> 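I have a structure here, written as structure tokens, and I will follow up with some questions on it.
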2 protein chains.
Amino acid sequence: MNAIILQKITAIVGAEFCKTDKEELHCYSYDGSKQAFLPDAVVFPDSTAQVAALLKLANKHQLPVTARGAGSGMTGGALPVQGGLILACSRLNKILEIDAENQIAIVQPGVITGEFQQELQKYKLLYPPDPASLKFCTLGGNAAECAGGPSAIKYGVTKDSIIGLEVVLANGDILNTGGRTEKGVVGYDLTRLFIGSEGTLGVITKIITRLQPLPECRETFLIQSTSLQQATQLVARILQNNILPCTLEYMDKTAIHIVSDMLPTPPADDIQAMLILEIDGHKEHVQGQVKQLKTLLQQEPHCSLQQAASRREIRDIWQARRSISPAAYKLNPNKTSEDVVVPRTRIPELVHFCEALGKRRNLTILTFGHAGDGNIHVNIMTPEQSAQNIDTVTTAKTELFQEVLRLGGTLSGEHGVGNTKSAFIKMELDKTSIKIMQQLKTLFDPNAILNPGKIFPTAK
Amino acid sequence: MNAIILQKITAIVGAEFCKTDKEELHCYSYDGSKQAFLPDAVVFPDSTAQVAALLKLANKHQLPVTARGAGSGMTGGALPVQGGLILACSRLNKILEIDAENQIAIVQPGVITGEFQQELQKYKLLYPPDPASLKFCTLGGNAAECAGGPSAIKYGVTKDSIIGLEVVLANGDILNTGGRTEKGVVGYDLTRLFIGSEGTLGVITKIITRLQPLPECRETFLIQSTSLQQATQLVARILQNNILPCTLEYMDKTAIHIVSDMLPTPPADDIQAMLILEIDGHKEHVQGQVKQLKTLLQQEPHCSLQQAASRREIRDIWQARRSISPAAYKLNPNKTSEDVVVPRTRIPELVHFCEALGKRRNLTILTFGHAGDGNIHVNIMTPEQSAQNIDTVTTAKTELFQEVLRLGGTLSGEHGVGNTKSAFIKMELDKTSIKIMQQLKTLFDPNAILNPGKIFPTAK
């Protein structure tokens with residue numbers, strides 16, 4: 001990187017907070033997508049003013065800037081695919097305000113999601129979004145990617161919990177969107193435009209979240225089924241029966257198999273699928289819903305309902321669920337993770353398709369995920385990274401996406417597009433949509449410095 | 001209007017569905033804001049293709065186009081302030097699909113909100129947004145203005161119930177946003193950008209809504225208080241006590257007075273404020289919440305809790321609540337309605353301010369509305385439309401807005417900006433926000449044909 005620019009960057013953040021040594025650059029080169037791209041420098045601003053000064057400078061010199069939270073993203077959102085600056089948010093890590101009476105909070109983007117939730121417990125409040133990485137991922141990254149998690153079925157995803165933002169634009173201007181009230185219709189809703197925009201329209205420097213009262217109690221159930229079709233059909237039926245769980249997770253036989261030793265009791269050999277279901281809320285509410293659930297399950301001959309009897313059992317169930325993704329490597333060393341969504345009633349067709357796809361293409365495919373909102377993680381595992389395998393996986397992925405779209409779904413529910421899915425977005429979005437989105441990108445970032453190479457297919 | 005253009009319009013929709021006679025134009029010249037502006041023609045397209053052809057034509061000839069639902073808006077959103085075409089949505093009035101299993105529906109913009117809700121009852125489903133005008137307002141108008149209503153406290157406003165749109169852009173291109181699933185992060189969230197944009201960015205031709213299961217039961221309460229401050233303080237306290245009503249409405253003494261004859265029992269003379277509170281959901285849940293409410297109210301010496309005992313009483317309570325706005329004319333013939341929002345805990349300060357403002361400026365001011373989400377309707381009544389009164393009201397309005405912003409609120413929670421509040425938006429939005437919003441407007445509508453004169457202050 002040009003020495004004069006580097007000097008100017010250092011003048012903004014201080015020498016200590018601008019790193020260019022190889023070791024440091026390597027630490028900021030990768031993310032959950034298992035790709036790596038080296039930045040030219042990593043900066044650690046500690047204020048909105050510093051972020052603004054950095055972007056103004058980068059914009060002038062057309063230097064790519066990629067904001068980074070914890071690097072736990074699954075689609076390359078935090079990777080500097082065109083080099084330039086990594087803007088690490090680790091020093092922007094303060095909870096600025098918890099207004100317990102009005103049930104809102106104001107935080108900086110580097111606050112760790114799980115730590116924010118723990119702090120809120122002191123106030124008996126809940127910030128619901130709970131991506132699997134919540135122990136280390138950050139609220140800024142969650143906002144940029146619009147992260148989800150098991151609780152989305154009841155509480156929505158990240159966008160449903162954010163009511164205002166402070167964003168630094170590419171030219172260094174500071175934009176405030178939304179505010180401290182949930183209602184508000186003065187001007188266009190810019191908050192949602194930034195959430196899920198993967199750092200391509202601006203850098204989020206402050207987040208106003210709405211909060212929920214912490215549920216009084218929660219009950220956890222395992223539903224084991226000897227029929228994959230019946231288990232997946234049950235998902236929509238539960239919701240149609242006016243039961244609204246705060247978690248409704250699904251795992252297929254392969255997923256169960258790789259984590260079976262972590263479950264409270266090992267599942268029988270004929271179990272084809274499993275659901276994890278949780279109900280939270282007031283005691284009376286939970287009791288009523290549990291009663292309804294039990295009645296419903298009595299009518300399902302292939303499914304058995306089992307209530308977690310202790311904290312330990314609950315911990316084991318979640319440990320098993322959260323371990324599926326890493327444990328998949330037991331099967332094969334190379335993984336392609338997708339997080340497609342279909343309308344709930346189409347899940348049986350989708351998982352049936354995935355089974356057949358695995359057989360047809362001779363691939364190990366496991367399916368699991370947030371069945372309650374139709375968001376199924378499809379992991380495709382291959383033994384080696386040969387050119388032929390890569391081709392086969394790409395073909396399988398394309399076939400999967402075609403099927404998902406045929407079923408009325410979307411290619412991504414919570415992982416985003418990044419650079420791993422950008423080549424596929426035109427399968428889902430028509431030309432008019434892509435054109436408008438690219439025009440929006442150009443409006444906000446005319447010099448294309450903000451996280452270049454993401455969302456939109458790059459010209460060859 | 002130019003005869004050739006008129007001929008082309010007629011060719012698109014048919015002569016029967018393009019009106020230029022004065023009587024017809026008058027019918028489409030006014031709305032709930034009590035202003036009137038004559039259009040040059042009113043067209044009644046019956047398909048997305050016709051809307052697209054009309055916009056393409058209008059764009060070519062720089063003809064203003066204002067989409068109109070039922071004209072029930074409060075801020076002039078549906079008024080052709082610069083003449084041109086009124087695009088009436090009354091023939092785009094079909095419920096295209098109710099997918100009860102996946103709890104979504106697809107509708108055209110001209111469907112009447114209340115009729116949609118009634119249709120959904122057959123499926124035991126609920127589309128929650130319930131603006132006071134729900135018997136005649138339309139889903140398209142609700143989406144364009146992001147309408148709210150009493151149920152917003154629990155179920156959110158219109159934007160929280162819409163997951164996808166079909167929009168015709170100014171150049172006639174058809175854009176699809178979102179989809180049939182609640183989750184989805186492929187590309188930017190354009191759905192929210194259009195909701196609340198008041199027809200200035202495109203014309204909505206299809207709406208995909210999410211639906212809720214119809215609550216099993218609902219209980220209605222009146223809380224009467226001899227202290228305005230205690231009643232308004234109670235609002236935040238109810239929510240802090242983990243009670244989540246589906247309605248939490250407030251009315252001050254003046255509002256009570258003008259509708260007191262409609263209430264089940266006339267309130268005592270010393271009543272200073274009243275809350276209407278409803279709890280819905282499963283039976284067990286409602287019972288539990290009612291118990292908590294009763295316990296809480298025992299600690300409030302100035303407030304008495306009264307449960308509606310019959311359908312008739314509930315009807316009377318709502319009749320009274322919904323009649324406040326029209327009944328206000330009993331006080332004085334001229335009304336200015338505001339729908340400001342403040343964080344819930346600041347409502348006591350806001351209503352105190354309004355009382356003092358009325359005294360200071362010698363104005364009759366009544367306050368009522370959706371206290372649960374801090375959204376207070378402030379009606380300023382004056383005896384005559386003299387220049388002096390108009391000045392006094394403008395001054396009072398400005399002072400009100402200043403106070404609302406000082407309290408951390410917003411100028412509008414659900415009525416929008418239209419042309420009645422456009423002069424005031426710069427009190428709330430900073431220069432960067434307005435600049436970005438105007439750039440967005442220009443991007444979507446370079447010839448400024450879509451509902452010109454709305455949201456942004458017009459140059460003098």
Side-chain angles (χ1 to χ4, degrees), chain A residues 101-103 145-146 148 152 157 159 173-176 179-190 192-193 195-197 213 236 239-240 242 282-285 287-288 341-345 373-375 408-414 416-417 425 428-430 432-433 436-437 439-440 443 455, chain B residues 101-103 145-146 148 152 157 159 173-176 179-190 192-193 195-197 213 236 239-240 242 282-285 287-288 341-345 373-375 408-414 416-417 425 428-430 432-433 436-437 439-440 443 455:
Chain A
E101 289 185 300
N102 287 301
Q103 302 176 343
E145 297 292 326
C146 192
V157 293
K159 65 184 173 186
D173 282 356
I174 297 166
L175 176 72
N176 288 285
R180 301 175 70 99
T181 62
E182 289 190 32
K183 269 181 163 177
V185 289
V186 174
Y188 303 141
D189 186 341
L190 300 181
R192 278 288 183 96
L193 193 58
I195 299 175
S197 69
L239 282 120
Q240 284 157 30
N242 215 337
H282 293 287
K283 213 175 140 191
E284 293 89 349
H285 171 73
Q287 283 168 349
V341 190
V342 293
R344 280 189 292 266
T345 55
D373 34 36
N375 189 190
T410 168
L411 307 192
S412 179
E414 53 182 28
V417 175
I425 67 165
E428 177 169 338
L429 302 176
D430 59 29
T432 305
S433 296
I436 283 284
M437 288 180 191
Q439 287 174 336
L440 284 169
L443 169 61
I455 301 181
Chain B
E101 289 184 302
N102 287 302
Q103 302 176 343
E145 298 291 327
C146 191
V157 294
K159 65 183 173 186
D173 281 356
I174 297 165
L175 176 72
N176 288 286
R180 301 175 70 99
T181 62
E182 290 190 32
K183 267 180 164 179
V185 289
V186 174
Y188 303 140
D189 185 340
L190 300 181
R192 278 286 183 100
L193 193 57
I195 299 175
S197 69
L239 283 120
Q240 284 157 29
N242 216 336
H282 294 287
K283 211 174 143 192
E284 294 88 350
H285 171 73
Q287 283 168 349
V341 190
V342 292
R344 279 190 291 267
T345 55
D373 33 37
N375 189 190
T410 168
L411 306 191
S412 179
E414 54 183 26
V417 174
I425 66 165
E428 177 169 339
L429 302 176
D430 58 29
T432 305
S433 297
I436 283 284
M437 289 181 190
Q439 287 174 336
L440 284 168
L443 169 61
I455 301 182

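None of these values were measured; they are calculated from a predicted model.
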> Any side-chain heavy atom of A/Val157 within less than 4.5 Å of one from B/Val185?
no
> Checking A/Glu428 now: which residues fulfil salt bridge (Lys or Arg N to Asp or Glu O under 4.0 Å) with it, not counting sequence neighbours?
none
> Give the intermediate values and the outcome of side chain to side chain contact (heavy atoms under 4.5 Å, CB included) for residues A/Leu429 and B/Val186.
CA-CA 8 Å; A/Leu429 302 176; B/Val186 174; 4.0 Å; yes
> Compute whether any side-chain donor of one residue and acceptor of the other, for B/Thr345 and A/Asn102, lie under 3.5 angstrom apart.
yes
> Between A/Ile436 and B/Leu190, which heavy-atom pair has the shortest distance, and what is it?
CG2-CD1, 3.9 Å
> Which one, A/Leu175, A/Leu411, A/Val342, A/Asp173, leads in non-hydrogen pairs under 4.5 Å with chain B?
A/Leu175
> Given heavy-atom pairs under 4.5 angstrom as the criterion, report whether the side chain, backbone, both or neither of B/Asn375 touches chain A.
side chain
> Between B/Arg344 and A/Glu101, is the closest basic N to carboxylate O distance under 4.0 Å?
no
> Measure distances from A/Lys283 to the heavy atoms of chain B and classify the residue's part below 4.5 Å as side chain, backbone, both or neither.
neither
> Determine whether a donor-acceptor pair (N or O, by modelled atom type, separation under 3.5 Å) exists between the side chain of A/Thr410 and the backbone of B/Thr181.
no
> Would you please classify the geometry between the B/His285 ring and the A/His282 ring as parallel, tilted or perpendicular, with 30° and 60° separating the classes?
tilted
> Listed by chain and number, what are the side-chain contact (heavy atoms from CB on, under 4.5 Å) partners of B/Glu182, not counting sequence neighbours?
B/Ile163, B/Arg210
> Side chains of B/Ile455 and A/Tyr188: closer than 4.5 Å at any heavy-atom pair?
yes
> For residues B/Arg180 and A/Pro343, report the shortest heavy-atom separation together with the two atoms involved.
CB-CG, 4.5 Å
> What I'd like to find out is whether the side chain of A/Lys183 reaches to under 4.5 Å of the side chain of B/Glu414, using heavy atoms alone.
yes
> Using a cut-off of under 4.5 Å on heavy-atom pairs, state which of B/Ile425, B/Val417, B/Leu443 scores highest against chain A.
B/Leu443
> For A/Asn176, which atoms come within 4.5 Å of any heavy atom of chain B: side chain, backbone, both, or neither?
both
> Hey, which of A/Ala152, A/Gly148, A/Ser197 has the most heavy atom pairs under 4.5 Å with chain B?
A/Ser197
> Under a 4.5 Å heavy-atom cutoff, which of A/Gly409, A/Gly187, A/Ala236, A/Gly196 has the most pairs with chain B?
A/Gly187
> Can you tell which part of B/Leu440 gets under 4.5 Å to a heavy atom of chain A, answering side chain, backbone, both or neither?
both
> Measure distances from B/Asp430 to the heavy atoms of chain A and classify the residue's part below 4.5 Å as side chain, backbone, both or neither.
side chain
> Are A/Asp189 and B/Leu193 close enough that some pair of their side-chain heavy atoms sits under 4.5 Å apart?
no
> Below 4.5 Å, heavy-atom pairs only: which of B/Pro213, B/Gly288, B/Ser412 has the largest tally toward chain A?
B/Ser412
> When heavy-atom pairs shorter than 4.5 Å are enumerated against chain A, which of B/Lys159, B/Gln103, B/Met437 gives the highest number?
B/Met437
> Quick one: of B/Gln287, B/Gln439, B/Glu145, B/Gln240, who has the most non-hydrogen atom pairs under 4.5 Å with chain A?
B/Gln240
